[in-house]
*Asks:* 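Sending over a structure as structure tokens; questions will come in a sec.
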Amino acid sequence: MNKLNLDQKTIESCRIHANAIAEKIVRFIDNHTTVSVERSILRLLGVDGVDRYQVPLVNRLVDDCLQQRNCGEGISRYLAASLKNTQRNLADFLVAYQAGKATLAKDPASVEETLAILKPWIDQGLKKIQEQKELRNHWINTYGTAKTQIYVIVATGNIHEDVIQAQAAARAGADIIAVIRSTGQSLLDYVPYGITTEGFGGTYATQANFRLMRQALDEVSKDVGRYIRLVNYASGLCMPEIAAMAALERLDILLNDSLYGIIFRDINMQRTFIDQNFSRLINAYAGILINTGEDNYLTTSDAVEEAHTVLASQFINEAFAKKAHLSASLMGLGHAFEIDPEIENSFLFEIAQAEMAREIFPDAPLKYMPPTKHISGNIFRATMQNALFNLATVMTDQSIHLLGMMTEAIHTPFLSDRFLAIDSAKTIQKTAKSFREAIDYREGGVIHTRAREVLQKAKLLLGDVEKTGLFNALENGVFAGVKRPFQGGKGLEGVYVKDKDYVNPIALRMEEFFR
Amino acid sequence: MNKLNLDQKTIESCRIHANAIAEKIVRFIDNHTTVSVERSILRLLGVDGVDRYQVPLVNRLVDDCLQQRNCGEGISRYLAASLKNTQRNLADFLVAYQAGKATLAKDPASVEETLAILKPWIDQGLKKIQEQKELRNHWINTYGTAKTQIYVIVATGNIHEDVIQAQAAARAGADIIAVIRSTGQSLLDYVPYGITTEGFGGTYATQANFRLMRQALDEVSKDVGRYIRLVNYASGLCMPEIAAMAALERLDILLNDSLYGIIFRDINMQRTFIDQNFSRLINAYAGILINTGEDNYLTTSDAVEEAHTVLASQFINEAFAKKAHLSASLMGLGHAFEIDPEIENSFLFEIAQAEMAREIFPDAPLKYMPPTKHISGNIFRATMQNALFNLATVMTDQSIHLLGMMTEAIHTPFLSDRFLAIDSAKTIQKTAKSFREAIDYREGGVIHTRAREVLQKAKLLLGDVEKTGLFNALENGVFAGVKRPFQGGKGLEGVYVKDKDYVNPIALRMEEFFR
Amino acid sequence: MNIKPYGDTLQDGKVQISFTLPIAADAIGLEAARQLAKKMGLIDPNVVHQEKLGDHFSFYIVYGSVGVSIDLNDIHVETFETPTMTREEIEQLIETELDRELVFVGASTGTDAHTVGIDAIMNMKGFAGHYGLERYKHIKAVNLGSQVANEEFVRQAKLLKADVLLVSQTVTQKDIHLKNLVDLVELLETEQMRKDVVLIAGGARITHELAKELGYDAGFGPKKYAEDVAAYAVLELIRRKKQMF
Amino acid sequence: MNIKPYGDTLQDGKVQISFTLPIAADAIGLEAARQLAKKMGLIDPNVVHQEKLGDHFSFYIVYGSVGVSIDLNDIHVETFETPTMTREEIEQLIETELDRELVFVGASTGTDAHTVGIDAIMNMKGFAGHYGLERYKHIKAVNLGSQVANEEFVRQAKLLKADVLLVSQTVTQKDIHLKNLVDLVELLETEQMRKDVVLIAGGARITHELAKELGYDAGFGPKKYAEDVAAYAVLELIRRKKQMF
Ligand code: B12
Ligand code: B12
Ligand SMILES: Cc1ncc(COP(=O)(O)O)c(C=O)c1O
Ligand SMILES: Cc1ncc(COP(=O)(O)O)c(C=O)c1O
């Protein structure tokens, strides 16, 4: 039952605008590839490992391709040619390549040849993903999914310490564990390798770390009788690669949003839209839920004035996700409880925003972020703010409930911070269980009025963005007030126009799957 | 606008039962007096001070009366006779009496003579009270009264330290300061004298302490532009005496409830109902708001099962208050947020209870107590619980908002505890300002249903109590599950049947005022 | 084994502290807070919050790492882990080892009006799902209620021939409970009854260590229920009985 | 003057502490918590809460009185009370004492992506009602944004002939900010630019003391705004100018 009775026509208009906005970008995307897309293909074909300077083989191969050849033809065609020329299977070729005994072919194979030669590895990669997907579905069917899932982060920098804390959190009631990445990883144009024990404000996302944590969570899932979901970030310069690794290692959720990278990490917009599209295709194929980053806008710009930008961005993200075959059930659109509590009726504004998201995206597993910007070193006040947030989550029936920490303004969570947060969230879930069904928003009340206003403003904004185009809009700073030039930012050098004979054999097969 | 639409007929029935219950007790009260009532008369006539053993003169005089004469005739008649016999004015007589140079008259004066002789002192006492009342009204008219007033306690045992903390709290936003009494004071059959600097879990209630604190609050009231109200306890064995002192020293609110004394302090029920009646008359005359103690029941008995006893008791307290001429605007009926948060939907039960009280007693300045029983040493969890309570206060439009302290399970409040509590309450008042007007309770939802149930059960209970009589009901343990015998408990020895020529000259004049 | 507090990494020593200082909320206050934390053993204390509490007070929240650690080998908890026994086991034990009705007399003494704690231990209904002593076979549980003066308590104990005395104290402000508890011991000694009873104290702020210090046989705090108390008392009575022969 | 923490009575010394221990939540844990509090100088520590955090960790909340006190005479806050000046006063000061345009170059350096802090100081709009440096007459404020490598920062500073460098650091986990801040000083020294600029650090966890230690001229933490920074920098530039003659 809709509690706000928002105007369906306005919502529809928003979707039409958003679709048109995404459409234009997708046309651009379709003509381009990036180094990271190419590396992801290699990863899904089974290329792994690093050289003795810790440079991943996938980077070595793609760099070779770049330096001597044209990446716009697609790494796959060179790889296929190499296998053909050397008459080796992939594993053997890689050993030889790494030992300097084989090089990447000078000329690419044809598209047909490529598909034929690589077929065994394509099959193998996709099969592995499908197996992981089935395994996940099996777990979920066995244990079910909480209506509101409790999401906490671990971020010690040391994966072993993270494991201890993740398991403890799961036992205490957490449903979802996110391993925050070390600051700066999103700016690296490669994915670090192996188990890592040192990071800053987070732990490096590596395939080995993924595997270690997945195993630990599977273990604890059995004990607690809940499937504990694992989260990482397919964001920054290696979006599709992380998605590929996540698909292979059965991560369940990925923070995955180019807009975040553009705005907050100054990643070049061309690069990251292209990367995002392939990463979302992989996610859709692997059944990985994505979380978008709209919540971050309000940490930078004013939460009262700019609330509609969050909604507008959610519509755009929805449109992009649809185009990458993500179903609504995998669109964890983000929003946040970020208004200054010193503003009169700000709690009601928050409720309006959260309820609006719920009503407009009824099938999306919305991700609701806690207050962060207006949390100070006063841990007691923070505890109070988080209690209000926890109640808002129950009131508006959010799906993914990222818990606020009392030490938000101080450090990444201590073990005890997480426990106290889980205690608060679970207690409020219980004590206010049927709150949503016990109240209605009064017609003309602050909540009602606010929701309408925000929706209206989002529609106008989307109309404008449709007119100027998303690239221009980003240049003009529509989101979070941050302006980014089309040619600026990090990673543009990794963008290539596709040759007319370009092929991405993985994407082909995945697209087929969805047809 | 009523948010629960409770059945008005059921409410009316409750009031009829409660009135009948109180009626019977009042008939009993009318035939009796107590040592404390008599001492109060003396206090209002201007008798003050202690002897060299720290025994108050009012106790000395009434004890004399008891030992040698019949208290049922009323101390006033003996005092009047003494003045007449010694041809002294009151002050001189008291000096002589204290020096052992005069004694209390052996025989009482007649009623007419008594009224005539004591008139100057009666006039003087009542005038003082009226002046204080006018002063209070002046302050209130100047500064207005917050819709929801923030109430905090000070309880250091040292009145000077209390003063510092009370002023600090007022500056931080508190509207009402209660000075908690030292444990055990309510069992003393006299009121301690003078400024005190040592108490246990509270500070002794003395007239000198009252004056000191009133002065300090007047000072700070001017600075903050709000009239800061002062609270103490007219409860225990000296109910009417404390009321008299409070009237003279311009206290604004008194905790004043015999049921509390009976149940939690094992005060004899006869004694305390008689005491209460006169204390409430004084309060009515002085414009002092009373707070009743129903909130305490749920600290002892189960808050879910016994919720209706709180409502029933509120009806009874209302009936008693009416009989003592207290207007609705002076009936600060008590209730509390006391359900275990681990119980499903307990927050909704709390809302139901609080909203119900609001709807049934629309003109009463309800006093809402924070969670106490279910607060543990986990100060962070307590902070969360108090946040929910603060929100409930806003949602249900309570009048007097007693703040919960994070250290409730540990000690009486530290200075910082009070600040953090005020910060939470004020922030939530702001952030959720129009919450009440933005939501409705859904027909058939948990809140609605619960309120109806509780009201229905209260009606049945009141019907039963009417049948058995309140004295019997207390013997049977209807409230808080505590049984108290009619002849048991403390203070019965201070109860006397009124002689047919008994007179209480103060009560006479006050009753006249209300006619 | 040496252990330190744990923030998010083993041996990081992280602790959180808060306190008020009776000075204004300025740079001097900040530095005073930092120095206080240092004196408490914090290395590099981080004053994460300063709040003005009126003009003459300021509140601080500090995080930091303590240098000190605790050697677990140095921890000697008086072996006072009461054996976990069920009500039935305890009843059985009384039957086989003592074979008589035991009398437990309890009260909240002095001016303390808190009964919920003593009721939790004694009354039929018990607390948090643990039945109280009244429900035990072979135990006569007499709950005198609250605000019972020590003299009255001792008088009743004598009268009822109590085997076990249960004293509850909740109000602890300015250490009022200490005085009250010590007075009772002295009174029992005067009356030459001390050795004839198992003397037990309880309450939210009572620990076994404290109770022993004050001359009690045992002390019980939060999260202790009737079966803990009964098990301890019965075993102690059995021990005393055996000693006598 | 000697001061102690204040609970509800002068000199009562009351503090609150919380921490986690890497051991189970049992009697040994309780005692370890108590002993730790004692080692931190608490007299009669009161462990008011113990909570099980999984099987291998336990959380404690402790109240108690510290024995130590702070002598206010021992507190020497480096006289770094920046004079409270308004924007207009600062502009005036530049005009009369320096008579030229000053160049302030700022950035959030290293991999730090937090811009809100440096924006608060530099951007037109400012923060919490305090306009930023861009709005000051006679100040050219160049905000390079975030994630600026030290090398790039120094290059721009040179290019722009910066008088004042403003460095913001927000992420402090595992002391990443220390490395970053120190590297910048070294780079400036290598480039022989250190003495030519007023070098200022800022951020939520930056204190003046820390900044000085790391070789900066000043450090600014929370609740500091453009006028504090500008006043300090301008006065420092004036001081240096006077010294030169
Ligand atoms: C309920 C309550 C009341 C009720 C009591 C009703 C009743 N029938 O008991 C009422 C409302 C009457 C009340 C009044 C007052 N209270 Co009161 N009250 C509380 C409250 C909220 C809960 C206590 C409780 O019942 N806990 C539940 C029981 C089950 O726990 P427990 O007592 O710890 O018992 C367990 C164990 O300790 C143990 N145990 C307890 N006793 C015994 C005995 C033996 C022999 C054994 C073996 C075990 C044992 O077993 C129990 C089960 O595990 C606390 C705050 C809090 N959340 O703790 C304040 C609190 C105890 N009260 C306090 C005060 C100051 C008062 C007053 C003095 C205030 C005043 N000046 O007006 C008054 C007067 C009472 C008096 N003089 O004693 C303070 C005490 C501060 C201190 N440390 O000294 C507290 C901490 C509140 C506060 N922060 O100010 N109170
Ligand atoms: C907003 C925010 C973000 C936004 C930043 C958006 C933006 N455009 O800046 C986003 C969402 C992008 C973000 C991302 C991350 N963040 Co962040 N973030 C915050 C948050 C919520 C608020 C910070 C803020 O803006 N404060 C408001 C400003 C005005 O305050 P301020 O910076 O202290 O500035 C004042 C003073 O310090 C001073 N000042 C500041 N700089 C300077 C410079 C000079 C020269 C001077 C004179 C003065 C000065 O003046 C200002 C006004 O008084 C804090 C938590 C919190 N509540 O504090 C976490 C927080 C800072 N983030 C944190 C982390 C770990 C991250 C991530 C690394 C997490 C991850 N691994 O994904 C990422 C990546 C970013 C990165 N690598 O830097 C941690 C840092 C932990 C630590 N101590 O190291 C915090 C504390 C959260 C937490 N508890 O984990 N974050
Ligand atoms: C979509 C998205 N990506 C990434 C991040 C994390 O930042 P980074 O990995 O760039 O440090 C966030 C943080 O909230 C996010 O929302
Ligand atoms: C009506 C009433 N009287 C008195 C008290 C305080 O208790 P006492 O003064 O008996 O210690 C309370 C406590 O809440 C109360 O509600």
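On a predicted model such as this, the values are computed, not experimentally measured, just so you know. Residue numbers start from 1 in every chain, and the chains themselves are labelled A, B, ... in the order their sequence lines are given, proteins ahead of strands.
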*Asks:* Within the side chain of N123(D), is there an N or O that forms a donor-acceptor pair under 3.5 Å with the backbone of G126(D)?
*Replies:*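 Flag not set: sc N123(D) to bb G126(D) has no pair under 3.5 Å.
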*Asks:* Answer with side chain, backbone, both or neither: which region of F57(C) has an atom nearer than 4.5 Å to a non-hydrogen atom of chain D?
*Replies:*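 Just its side chain gets close to chain D.
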*Asks:* So for K38(C), is it side chain, backbone, both, or neither that comes closer than 4.5 Å to the heavy atoms of chain D?
*Replies:*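 Contact with chain D: none, neither part.
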*Asks:* Which one wins on heavy-atom pair count under 4.5 Å against chain C: I61(D), I23(D), L10(D), L30(D)?
*Replies:*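 Highest number of heavy-atom pairs under 4.5 Å: I23(D).
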*Asks:* Is there a donor-acceptor pair closer than 3.5 Å between any side-chain N or O of D112(D) and the backbone N or O of V171(D)?
*Replies:*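 At least one qualifying donor-acceptor pair exists.
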*Asks:* Take atom CG of N2(C) as the centre, draw a 6.0 Å sphere, and report whether it contains more than 12 heavy atoms from other residues, nucleotides or ligands.
*Replies:*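 Yes, because the 6.0 Å sphere around CG of N2(C) holds more than 12 heavy atoms from other groups.
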*Asks:* Is T207(C) close to chain D through its backbone or its side chain, or both, or neither, when contacts mean heavy atoms under 4.5 Å?
*Replies:*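 Neither; nothing under 4.5 Å.
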*Asks:* Just by distance, do the side chain of N150(D) and the backbone of N180(D) share a donor-acceptor pair under 3.5 Å?
*Replies:*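 Judged by distance alone, yes, a pair lies under 3.5 Å.
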*Asks:* Answer with side chain, backbone, both or neither: which region of V62(C) has an atom nearer than 4.5 Å to a non-hydrogen atom of chain D?
*Replies:*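 For V62(C), neither part sits under 4.5 Å from chain D.
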*Asks:* At a heavy-atom separation under 4.5 Å, does Y60(D) approach chain C through its side chain, its backbone, both, or neither?
*Replies:*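 The answer is neither part of Y60(D).
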*Asks:* With salt bridge (charged side-chain N to carboxylate O under 4.0 Å, His left out) as the criterion, how do E236(D) and R239(D) come out once you've worked through the C-alpha distance, each side chain's angles and the decisive distance to 0.1 Å?
*Replies:* CA-CA 5 Å; E236(D) 174 65 16; R239(D) 196 188 61 79; 2.8 Å; yes
*Asks:* Among G7(D), G41(D), A32(D), which has the most heavy-atom pairs under 4.5 Å with chain C?
*Replies:*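 Option with the top pair count is A32(D).
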*Asks:* Between E31(D), R205(D), K14(D), K223(D), which residue shows the highest count of heavy-atom pairs closer than 4.5 Å to chain C?
*Replies:*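 Option with the greatest count: R205(D).
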*Asks:* Please classify the contact between V15(D) and chain C as side chain, backbone, both or neither, with a heavy-atom cut-off of under 4.5 Å.
*Replies:*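 V15(D) touches chain C through backbone and side-chain heavy atoms alike.
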*Asks:* Apply the side chain to side chain contact (heavy atoms under 4.5 Å, CB included) test between Y216(C) and each candidate in V198(C), V185(C), I200(C), L210(C); give the one that qualifies.
*Replies:*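 In the set V198(C), V185(C), I200(C), L210(C), the residue that makes a side chain to side chain contact (heavy atoms under 4.5 Å, CB included) with Y216(C) is V185(C).
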*Asks:* Please confirm whether the backbone N or O of D8(C) pairs with a side-chain atom of D12(C), one donor and one acceptor, at under 3.5 Å?
*Replies:*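 Answer holds: yes.
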